Amino acid sequence: MLLGRRRARVEARARQGAFRTYVVVDRRTPASELAGQLLRKAFPDHWSFLLGEIALYSFVLLVLTGSYLTLFFDPSLAEVPYRGSYGPLQGLLVSRAYDSTLHISFDVRGGLLIRQMHHWAALVFVAAIGVHMLRVFFTGAFRRPRETNWFAGVTLFLLALMEGFCGYSLPDDLLSGTGLRTADSIVQSIPVVGTYLAFFLWGGQYPGEVIDRRLYIVHVLFVPGLLAALIVLHVIMVIYLKHTQWSGRGRTNRNVVGLPFFPVYTAKSVGLSLIVFGLVAAMSAVAQINPIWSYGPFRADQVSTDAQPDWYVGFLEGALRLMPGVEWNVAGHTVMWNVFLPAVVFPALLFLVLYLYPVFERWVTGDMVEHHLCDRPRDRPVRTGLGVAAVVGYAVLLMAGGNDVIATEFRIDVNLLTWIFRASLFIAPAVAFMLTRRICLALQRHELRLMEEGKESGLIQQDVAGGMSETHRPLDPEERYRLLVREIPLPLRHPGPDAPLRQRLRATLSAWYYGDRVETPLTDEERLQISGRTADPVAGGAPGEE
């Protein structure tokens with residue numbers, strides 16, 4: 001009885017204190033207005049929208065596990081004799097970085113699990129960002145007004161690659177040292193300034209003495225700070241601009257139909273975070289990753305066999321292996337095109353294309369309308385084909401990065417395999433683009449037939465004369481709405497042969513983008529209703545919208 005009264009008094013004081021705190025904060029900040037708007041915010045419900053959240057929770061897991069690892073890791077390259085629990089390396093001179101990583105793996109309780117969780121979470125983080133960007137690209141969610149979020153996402157992806165490489169290089173084992181040796185060659189390949197830049201970064205001639213400490217600071221301070229800031233900006237922009245949504249009954253370009261942020265969406269999001277944490281922990285417990293004790297400590301005169309980087313930088317390894325050996329000597333300077341082009345120019349152009357694509361597509365279409373409805377990939381055949389071609393090209397480079405392993409396992413001549421990959425790098429993306437484009441158009445024609453004839457019922461009728469025919473049933477209203485309410489721009493009219501080159505090029509590209517299309521037969525009333533639902537939310541809907 002006495003304990004119950006004390007508990008009641010404590011709870012009452014806690015409620016009163018919380019209320020007073022809220023009043024103090026609310027009188028000085030717009031807490032009530034912001035909290036009310038956020039809690040009532042509607043979020044569309046679709047599995048593809050969870051990819052960004054997986055990246056977010058992977059980042060949270062990276063911060064938690066990385067903070068634990070920093071308590072034990074020493075980034076020094078000073079050599080000490082190994083005295084830890086791993087017998088085969090006893091007494092061997094190793095760097096403090098390598099020694100502390102082995103200490104985490106074998107002598108810290110739970111250290112190996114935390115270290116593997118950190119590595120697996122990094123792979124999931126980069127993969128989730130990449131797949132999330134593909135979802136945004138294929139659905140057109142990068143268009144106005146979300147260009148800023150697209151730029152932030154591309155920057156996040158770039159920083160994630162940098163963060164992963166820095167962390168991968170810290171243990172100073174033979175595998176990560178091979179990667180750093182490759183990075184040193186890439187930096188030195190930059191004409192004129194490359195050797196000076198490499199000397200500065202490594203603190204002298206390779207392998208230097210300061211590179212691990214500098215990578216450590218970049219890995220635990222600079223890049224995580226930038227990632228956290230960009231993630232916060234990304235989330236704020238999503239909340240401010242509204243989330244995109246798939247077309248459906250009741251969904252237009254000027255509303256959002258979904259679940260309230262609290263309590264439904266919050267509960268689902270918390271559940272997803274626990275699933276991500278649990279799956280990463282399970283993978284880390286049963287699937288070994290980066291066993292540095294098997295590779296041994298780094299030695300500048302040695303290289304590990306079958307050395308492969310993590311998958312997200314594997315395309316650079318493949319590009320380096322496919323590039324023919326071409327070097328020029330210009331005014332006493334050696335220009336290593338075989339390294340500079342695939343490892344510096346190619347990734348720079350790749351990210352430049354990613355940054356500029358929303359601007360390019362807006363210029364081609366002349367589209368200045370705000371878009372809040374997702375495109376179905378089949379409705380934009382050229383854009384979808386370009387995306388699939390890019391994925392296929394990446395896959396070719398990734399496989400080329402392991403051409404020596406493939407040649408050994410399948411007993412194929414490595415030189416022949418290299419030439420096959422060189423040809424595939426140009427042929428496979430082109431074939432993938434044409435095939436994807438035709439598939440998208442075929443799917444559009446299939447949907448046109450469904451709208452005209454209806455779905456197959458599976459029932460066969462036989463008439464009096466013995467003829468057989470299959471019956472069809474009309475599409476349900478939800479599916480018909482989804483097929484009809486879509487945005488497919490018309491190609492720009494050609495300005496004529498006397499127009500400036502820029503206008504003629506724009507019209508030609510627009511015709512290439514949107515010339516091949518499957519027109520849906522619509523009544524005037526249906527056209528009016530569709531234009532109202534897809535109208536610019538800033539300008540307002542068309543008359544006749546319900």
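Since the structure is predicted, the reported quantities are computational estimates derived from the model, not experimental observations.
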Next on the checklist: Taking the six-membered ring of Tyr98 as reference, does the cationic atom of Arg299 (NZ for Lys, CZ for Arg) lie under 6.0 Å from its centre and within 45° of its axis?
Outcome noted: no

Checklist entry - Taking atom CZ of Phe106 as the centre, does the number of heavy atoms from other residues, nucleotides or ligands within less than 6.0 Å exceed 12? => result yes

Checklist entry - CH2 of Trp419: more than 12 outside heavy atoms within 6.0 angstrom? => result no

Sequence neighbours left out, cut at 3.5 Å: what donor-acceptor pairs do the side chains of residues 220-233 make with other protein atoms?
none

Relative to the ring of [Y], is the ring of [X] parallel (under 30°), tilted (30 to 60°) or perpendicular (over 60°)?
X      : Y      : value
His119 : Tyr168 : perpendicular
Phe261 : Phe43  : tilted
Tyr86  : Trp293 : tilted
Phe142 : Trp150 : tilted
Phe72  : His103 : tilted

Less than 3.5 Å apart, which donor and acceptor atoms pair up between the side chains of residues 274-285 and the rest of the protein, not counting sequence neighbours?
{"unit_1": "Ser284", "atom_1": "OG", "unit_2": "Gln116", "atom_2": "O", "d": "3.4"}
{"unit_1": "Ser284", "atom_1": "OG", "unit_2": "Met117", "atom_2": "N", "d": "3.2"}
{"unit_1": "Ser284", "atom_1": "OG", "unit_2": "Val280", "atom_2": "O", "d": "2.7"}

Over all heavy atoms of both residues, which pair between [X] and [Y] is shortest? Give the atoms and the distance, please.
X      : Y      : answer
His132 : Gly52  : ND1-N, 3.5 Å
Asp107 : Gly84  : OD2-CA, 4.0 Å
Leu92  : Pro297 : CD2-CG, 3.7 Å
Gly91  : Pro81  : O-CB, 4.2 Å
Ala343 : Leu316 : CA-CD2, 4.2 Å
Pro309 : Gly314 : CG-CA, 4.1 Å

Checklist entry - Does a donor on one side chain and an acceptor on the other come within less than 3.5 Å for Asp173 and Ser176? => result yes

Next on the checklist: Run the side chain to side chain contact (heavy atoms under 4.5 Å, CB included) test on Thr244 and Arg146 for me, step by step, so that the C-alpha distance in whole Å, both residues' side-chain angles and the decisive distance to 0.1 Å come before the verdict.
Outcome noted: CA-CA 10 Å; Thr244 54; Arg146 296 177 180 81; 3.4 Å; yes

Taking side chain as C-beta onward, heavy atoms only, is [X] less than 4.5 Å from [Y]?
X      : Y      : answer
Pro324 : Arg422 : yes
Arg380 : Phe138 : no
Leu62  : His118 : yes
Leu398 : Phe315 : no
Ile211 : Tyr206 : no
Thr182 : Ile186 : yes
Leu354 : Phe351 : yes
Leu397 : Phe346 : yes

Checklist entry - When you check the gap from the basic side-chain N to the acidic O, do Arg96 and Asp99 get nearer than 4.0 Å? => result no

Rounded to the nearest 0.5 Å, what separation is found between the [atom1] atom of [X] and the [atom2] atom of [Y]?
X      : Y      : atom1 : atom2 : result
Asp184 : Phe199 : CG    : CZ    : 11.5 Å
Arg321 : Asn403 : CZ    : CG    : 5.0 Å
Leu259 : Ser269 : CG    : OG    : 11.5 Å
Arg143 : His372 : CZ    : NE2   : 10.5 Å
Leu215 : Glu163 : CG    : CD    : 10.5 Å
Asp172 : Glu79  : CG    : CD    : 9.0 Å

Checklist entry - Leu134 and Val391: side chain to side chain contact (heavy atoms under 4.5 Å, CB included), yes or no, with the steps? => result CA-CA 9 Å; Leu134 287 176; Val391 172; 4.1 Å; yes

Checklist entry - Is a donor on one side and an acceptor on the other found under 3.5 Å between the side chain of Lys242 and the backbone of Val256? => result no

Checklist entry - Under 3.5 Å, side chain of Ser100 to main-chain N/O of Ala97, donor-acceptor pair present? => result yes

Next on the checklist: Here's a test for you: under ring pair (Phe, Tyr, Trp, His ring centres under 6.0 Å), which of Phe59, Tyr57, Tyr312 qualifies with Phe125?
Outcome noted: Phe59

Checklist entry - Can you name the one residue among Ile289, Thr65, Asn290 that meets side chain to side chain contact (heavy atoms under 4.5 Å, CB included) with Arg115? => result Asn290

Next on the checklist: Evaluate Thr101 against Phe73 for side chain to side chain contact (heavy atoms under 4.5 Å, CB included), listing each step before the verdict.
Outcome noted: CA-CA 6 Å; Thr101 307; Phe73 182 73; 3.3 Å; yes

Next on the checklist: For a side-chain hydrogen bond (donor to acceptor under 3.5 Å, both in side chains) check, start with the C-alpha distance between Tyr216 and Thr70, then their side-chain angles and the critical distance, and finish with the verdict.
Outcome noted: CA-CA 10 Å; Tyr216 182 69; Thr70 56; 4.9 Å; no

Item to check | is_close_aromatic(Tyr357, Phe137), centroid dist under 6.0 Å | outcome: yes

Next on the checklist: With side chain to side chain contact (heavy atoms under 4.5 Å, CB included) as the criterion, how do His219 and Ser169 come out once you've worked through the C-alpha distance, each side chain's angles and the decisive distance to 0.1 Å?
Outcome noted: CA-CA 10 Å; His219 183 69; Ser169 305; over 6 Å; no

